[in-house]
Amino acid sequence: DAKTTQPPSMDCAEGRAANLPCNHSTISGNEYVYWYRQIHSQGPQYIIHGLKNNETNEMASLIITEDRKSSTLILPHATLRDTAVYYCIVRVQAGANNLFFGTGTRLTVIP
Amino acid sequence: NAGVTQTPKFQVLKTGQSMTLQCAQDMNHEYMSWYRQDPGMGLRLIHYSVGAGITDQGEVPNGYNVSRSTTEDFPLRLLSAAPSQTSVYFCASSLTGGYQPQHFGDGTRLSIL
């Protein structure tokens, strides 16, 4: 599975969009981008995943660049409850469903 | 629907003691796994199972045993606890492999003195 690089921390004003970047320059053609978050030492929570098209669900949007070397998770209207560590994970969509977590981005939503 | 249930939530052990961390899921998921998380770090995979009777090692399996006799349960055993195993342990489950989102339990916080 390809490695990912994320900034260690970010701040976002409450009500504004939070844009969390992820670099995965060594991603291969059959690897997907997944995002999970971990709120205050709880178990991680799945957010969204995608291959090459932009994806949106009730929680967030995922924008993947055309060359697939980077992506951005967008929380459209951040709330205080979105304060968490966000993990970007790249893996093939086959075989055992094992996840390899890095250290993620700690997002702090500021009132 | 309880999801993934881990017990106990907290445990303190002495070096050399043994114990079993319990994990149960009620979603009929075939895939289950155990992770540990040390302070300031991401989760690391210990062991995983793709179905009843099938287990395999993850990234950091040493010092841990697992078994999967039923679909619902995936216990993690520490045979002789060591201070280096002080960590937060998370159990996760999903439908079989692939892209299925994983559901995590609330964790077991384990201290080895």
Side-chain angles (χ1 to χ4, degrees), chain A residues 1-9 20 22 24 27 29-53 55 57-60 62 64 73 84-107, chain B residues 2-7 9-10 21 23 25 27 29-51 54-61 66 68 74 87-110:
Chain A
D1 295 333
K3 289 193 178 296
T4 62
T5 303
Q6 299 178 251
S9 64
L20 291 90
C22 180
H24 31 79
I27 194 170
N30 63 344
E31 288 184 309
Y32 284 67
V33 180
Y34 293 78
W35 283 84
Y36 282 76
R37 73 180 182 182
Q38 188 174 25
I39 298 173
H40 189 54
S41 299
Q42 297 176 13
Q45 175 189 24
Y46 166 81
I47 302 173
I48 198 167
H49 76 280
L51 179 63
K52 55 183 179 181
N53 297 320
E55 303 287 345
N57 62 21
E58 65 278 5
M59 290 181 66
L62 174 59
I64 302 174
L73 178 74
V85 178
Y86 288 77
Y87 296 98
C88 170
I89 300 168
V90 173
R91 65 173 296 270
V92 296
Q93 203 177 77
N97 195 6
N98 300 335
L99 299 175
F100 291 92
F101 290 80
T103 53
T105 296
R106 180 173 296 278
L107 174 69
Chain B
V4 178
T5 302
Q6 291 185 237
T7 57
K9 294 189 184 303
F10 302 92
L21 279 62
C23 176
Q25 52 89 12
M27 298 173 283
H29 286 170
E30 293 192 26
Y31 176 90
M32 296 185 74
S33 57
W34 277 101
Y35 293 83
R36 62 176 286 175
Q37 185 173 31
D38 299 321
M41 299 181 64
L43 282 71
R44 291 184 292 168
L45 183 66
I46 305 172
H47 285 284
Y48 66 96
S49 169
V50 298
I54 305 170
T55 64
D56 207 344
Q57 297 180 351
E59 183 183 0
V60 288
V66 292
R68 185 92 180 272
F74 190 43
S87 190
V88 181
Y89 292 84
F90 291 100
C91 179
S93 74
S94 71
L95 293 171
T96 304
Y99 65 90
Q100 301 293 338
Q102 292 202 35
H103 301 256
F104 285 81
D106 290 333
T108 293
R109 284 145 184 82
L110 182 62

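Proteins come first, then strands; the chains are lettered A, B, ... in the order of their sequence lines, and each starts at number 1.
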message: At a 4.5 Å cut-off on heavy atoms, which part of Gln6(B) comes close to chain A: side chain, backbone, both, or neither?
response: neither

query: Between Thr4(A) (side chain) and Cys88(A) (backbone), is there a donor-acceptor pair under 3.5 Å?
result: yes

Segment of Leu45(B) engaging chain A (4.5 angstrom heavy-atom cut-off): side chain

field: Which atoms of Ile47(A) approach chain B - backbone, side chain, both or neither, heavy atom under 4.5 Å
entry: neither

- request: From the options Tyr36(A), Phe101(A), Phe100(A), Tyr87(A), select the one residue that forms a ring pair (Phe, Tyr, Trp, His ring centres under 6.0 Å) with Tyr35(B).
  value: Phe101(A)

statement: dist Glu30(B):CD -> Ser94(B):OG (nearest 0.5 Å) comes out at 9.5 Å

query: With under 30° as parallel and over 60° as perpendicular, where do the rings of Phe104(B) and Phe90(B) fit, or are they tilted in between?
result: perpendicular

- request: Go through the atoms of Arg44(B) and report whether side chain, backbone, both or neither lie under 4.5 Å from a heavy atom of chain A.
  value: neither

- prompt: Does the side chain of Tyr31(B) reach to within under 4.5 Å of the side chain of Asn98(A), using non-hydrogen atoms?
  reply: yes

query: Non-hydrogen atoms of chain A under 4.5 Å away: do they reach the side chain of Val50(B), the backbone, both or neither?
result: side chain

